[in-house]
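Here is the structure we will look at.
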Amino acid sequence: TTRSWNFLGLSPHSPSNILPKSKMGDGVIIGVLDTGIWPESESFNEKGLGPVPFHWKGACESGENFNTTIHCNKKIIGARWFIKGLLAEYGEPLDTSTDFLSPRDANGHGTAISSIAAGSFVYNISYKGLGGGTVRGGAPNARLAMYKVCWNLFNGYCSSADILKAVDVAIHEGVHVLSLSLGDSVPISTIVDDAIAIGSYHAVTRDIIVVCSAGNDGPFAQTVTNTAPWVITVAASTMDRAFPTSITLGNNITLQGQSLFTGPHTGFTRLIYPKSTKIDSTSTSICDSLSSLNKTMVSGNVVLCFTSYSEEALREAGCVGVIIATNPSDLMLPSDDDFPNIQVDYEVGTRILSYIRSTSAPLVKLSRTKTVVGKLISAKVAAFSSRGPNSATPAILKPDVAAPGVNILAAYSPLRSYADGGYAVKSGTSLSTPHVSGIVALLKVMHPSWSPAAIRSALVTTASRNGPSCSILPIFAEGSPRKLANPFDYGGGIVNPNKAAYPGLVYDMGREDYINFLCAVGYNTSALSQIVGQVTACSSTKPSVLDVNLPSITIPNLRDNINLTRSVTNVGPVDSVYKVDIDPPLGVNVAVRPDTLVFNSSVKTITFTVAVSTTHHVNTGYYFGSLTWTDGKHVVTSALSVRTQIADYTDG
Amino acid sequence: TESSNVHIVYLGETQHDNPELVVDLHHELLASVVGSKELASELMVYSYKHGFSGFAAKLRESQVQQLSELPGVVRIIPNSLHKLE
């Protein structure tokens, strides 16, 4: 976070952004469902915070190495732990020696998430000199309630029974925002079988905003998780910061890789491309296993590996560093000071290999990683970030938005060897999610009456699809190959908090919209009445998922002409006139009626119709466009994603 | 011989403002299938009683089937693991 908030336009030094107007989230309570919290971290100091919000009904629970009176304060106002579901399923005694039976975080994940969403200002933090600056949360004055539902058993898992209990308690205790950096495995559950979807439905109908991670199964399509239309699903992007690491070859050519190598440079060292000593059909790379490596050859040298490597095997074989040529992953592991691991792409890897083969004694020098920030570095969607379309309900666009989630420096459990003074660099949609949770807290202060759907709409319709401000260049999505990003990569785009605070129009939703959605996905009257808590019937004409009032339009199977509806509510100046601007997907006709929306003191919400037809005569993949309303000042953009399906089969 | 696993029995919106009444309802519902309130208490893992109504309990497949046929039960879903992202 030493850079991410500046990247998002929320630098505390700029008076024009929403930080002052939102009182930095003061009064808002963010509930985090995660691995617990390390309360001694400076990120959770209570300096400058006023009394705990009066409506708060929560509490801290003492437990192993966690004392309520010592460890909770005006920042951490709630801390509970839930493990009964995990224990009941996997039996007692479970080996709990790797965690604390309390809200204390042994894993570090929950501490990071909490500090990104609502951590206090902590100055002069870096990771061993890299990425230095001020660490803080998006809403530094917001309060935190930790619900520990994930445990450092099996390397960090959480049972849905425990998650649901935490959501139930959090609703009761009075959180405003729930932040869940957790995901399902692919194939994902449908909404009716998804505990997070069920719990979050009841939270959202009580005006609690639920923010969830999209998952780390990208760049493959249909991998996005947490797809309920009432939650905000967050993809991960990079930001305007890079960690280049110089690789100087013996012929004095210097190439650049990426790393978090903080040790001294290696000096010129022998560079080896190892050959396997035997055929191993199970290995993807020679560098994967010690048995594949010729120890005599690689000992004392830097090795070049392709595709993958095992640091343990290389260290045991006596290597002093590794250059790994691989597909872009955006996942960099911190290097130990004495063992640099530098990532390069295949192009650079091939150049290095060519050098090795061109000389009898190849040499290389690996230099300490540098931190580079600024407009020369453009953000892109991270390779690992899970992609749409939504495999559970394709007409519901997921993810909703993207936020920084690559190489985020945040508070961590000091028990982790890679944490430097209680701070570590991590990547994942887990890290992008609390960025949005923090922003949501700011918006909640500025617009306390906005519904969760209105806040989501504001985030989605104002998100950036171009590079840094002033740039008209579209954002790329990392993958194989790198490509222009589309709504399945980043939803509306990379979140833009300063614009989201003044969206002009919002696509609002309430209980009735959710009921229509539940009818559309097949709930019957009896089940629906139970869910809603009163006798409720679906209309005789089955509602269409296409009409769910989302700030996006996704049509997964366009054959005949389709008319769908949306409603927009004016949250800008009372007397406003908006005109439509349509950028249709290739080969798709889109017409909007009316094409002008006139708002005044008596007209706050207007419904419009979107007529969509295709000119394609064959099944196609998705084509993308946009539908934008503008009054000359506000620009309210919805993504259009349309797949033509003429023949009655799916071809992906 | 039938093994039991944790299941989440989802009952929708809470029907009472008093959480204790909601908990009693959960025990009664489970007891109606497992045979006694004592056994229901033993099998109960959680009562969800504030934001929505439901419970998590260790159940055999036959009990899941019986419960799913009772009025008021919206859905029964098996407990599953979620991962950190």
Side-chain angles (χ1 to χ4, degrees), chain A residues 34-35 82 84-86 88-89 107 109 149-150 154-165 167-173 180-185 189 192-196 198-199 201-203 205-206 213-216 225 386 428-431 433 523 526-527 529-534, chain B residues 3-23 25-26 29-30 34 39-61 63-64 67-85:
Chain A
D34 216 290
T35 59
F82 304 87
K84 282 164 70 178
L86 199 65
E89 188 78 65
N107 182 294
H109 190 272
V149 294
C150 303
F154 324 122
N155 202 24
Y157 276 98
C158 352
S159 99
S160 49
D162 293 326
I163 292 170
L164 216 42
K165 184 62 184 175
V167 173
D168 184 41
V169 172
I171 292 172
H172 172 67
E173 293 186 334
L180 285 79
S181 288
L182 324 171
D184 217 343
S185 297
S189 303
V192 295
D193 287 324
D194 178 351
I196 292 178
I198 290 170
Y201 168 79
H202 292 279
T205 54
R206 286 162 173 78
S213 55
N216 295 345
T225 68
S386 289
T429 51
S430 276
L431 290 304
T433 301
Y523 272 106
S526 156
S529 301
Q530 282 292 132
I531 293 167
V532 176
Q534 60 194 56
Chain B
S3 66
S4 59
N5 293 97
V6 177
H7 285 76
I8 294 161
V9 181
Y10 174 52
L11 305 171
E13 193 64 64
T14 46
Q15 301 296 325
H16 300 282
D17 288 336
N18 183 347
E20 297 320 309
L21 289 179
V22 179
V23 173
L25 177 83
H26 295 162
L29 200 64
L30 185 54
V34 301
L39 190 51
S41 292
E42 215 172 280
L43 297 173
M44 188 74 78
V45 179
Y46 287 122
S47 259
Y48 307 120
K49 58 189 177 185
H50 299 293
F52 49 91
S53 178
F55 58 89
K58 289 197 81 168
L59 300 170
R60 296 198 293 265
E61 273 310 310
Q63 293 165 336
V64 170
L67 269 168
S68 69
E69 289 163 5
L70 294 178
V73 175
V74 178
R75 193 83 177 177
I76 301 181
I77 59 176
N79 188 29
S80 62
L81 287 180
H82 292 255
K83 56 184 178 173
L84 304 170
E85 298 290 3

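Bear in mind that the values here come from a model prediction, so they are computed numbers and not experimental data. Residue numbers begin at 1 in each chain, while the letters A, B, ... track the order of the sequences.
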4.5 Å side-chain heavy-atom contact, B/L84 and A/D34
yes

Do the side chains of B/V74 and A/I198 get nearer than 4.5 Å, heavy atoms only?
no

Could you tell me which portion of [X] (side chain, backbone, both or neither) has an atom closer than 4.5 angstrom to a non-hydrogen atom of chain B?
X	answer
A/S181	backbone
A/F82	both
A/C150	side chain
A/L180	neither
A/V192	both
A/T35	side chain
A/I171	side chain

Which residues pass the salt bridge (charged side-chain N to carboxylate O under 4.0 Å, His left out) test with A/K84, not counting sequence neighbours?
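Here no residue qualifies.
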
Looking at [X] and [Y], what are the two nearest heavy atoms and their distance?
X	Y	value
A/R206	B/H50	NH2-O, 4.1 Å
B/V6	A/A161	CG1-CB, 4.2 Å
B/R75	A/D193	NE-OD1, 2.8 Å
B/P78	A/S160	O-OG, 4.2 Å

Under 3.5 Å, is there a donor-acceptor pair between the side chain of [X] and the main chain of [Y]?
X	Y	value
A/K165	B/Y48	no
B/K58	A/A88	yes
B/E85	A/G215	no

State whether B/K49 and A/D168 are salt-bridged, where the test is any N-O pair (Lys NZ or Arg NE/NH1/NH2 against Asp/Glu carboxylate O) under 4.0 Å.
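So B/K49 does not pair with A/D168 through a salt bridge.
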
Does any heavy atom of chain A fall under 4.5 Å from the side chain of [X], the backbone, both, or neither of them?
X	answer
B/I8	side chain
B/P19	neither
B/S47	backbone

Could you check B/F52, B/Y10, B/Y46 and say which one makes a side chain to side chain contact (heavy atoms under 4.5 Å, CB included) with A/L164?
B/F52

Show your reasoning for whether side-chain contact (heavy atoms from CB on, under 4.5 Å) applies to B/H82 and A/Y157.
CA-CA 6 Å; B/H82 292 255; A/Y157 276 98; over 6 Å; no

Looking at chain A, which one of B/A57, B/A56, B/G72, B/P71 has the largest number of heavy-atom pairs inside 4.5 Å, strictly under?
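Max contact count across the listed options: B/G72.
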
A/E89: side chain to side chain donor-acceptor pair (under 3.5 Å) partners, not counting sequence neighbours:
B/N5, B/N79

Between B/L81 and A/C158, is a side-chain contact (heavy atoms from CB on, under 4.5 Å) present by the stated rule, with each step listed?
CA-CA 5 Å; B/L81 287 180; A/C158 352; over 6 Å; no

When only pairs under 4.5 Å are counted, which of A/A527, A/A170, A/G428, A/G156 shares the most heavy-atom pairs with chain B?
A/G156

How long is the straight-line distance from OG of B/S80 back to CD1 of A/I196, given to the nearest 0.5 Å?
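Those atoms lie 8.0 Å apart.
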
Does B/N18 CG have over 12 foreign heavy atoms under 6.0 Å away?
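Count over threshold, so yes.
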
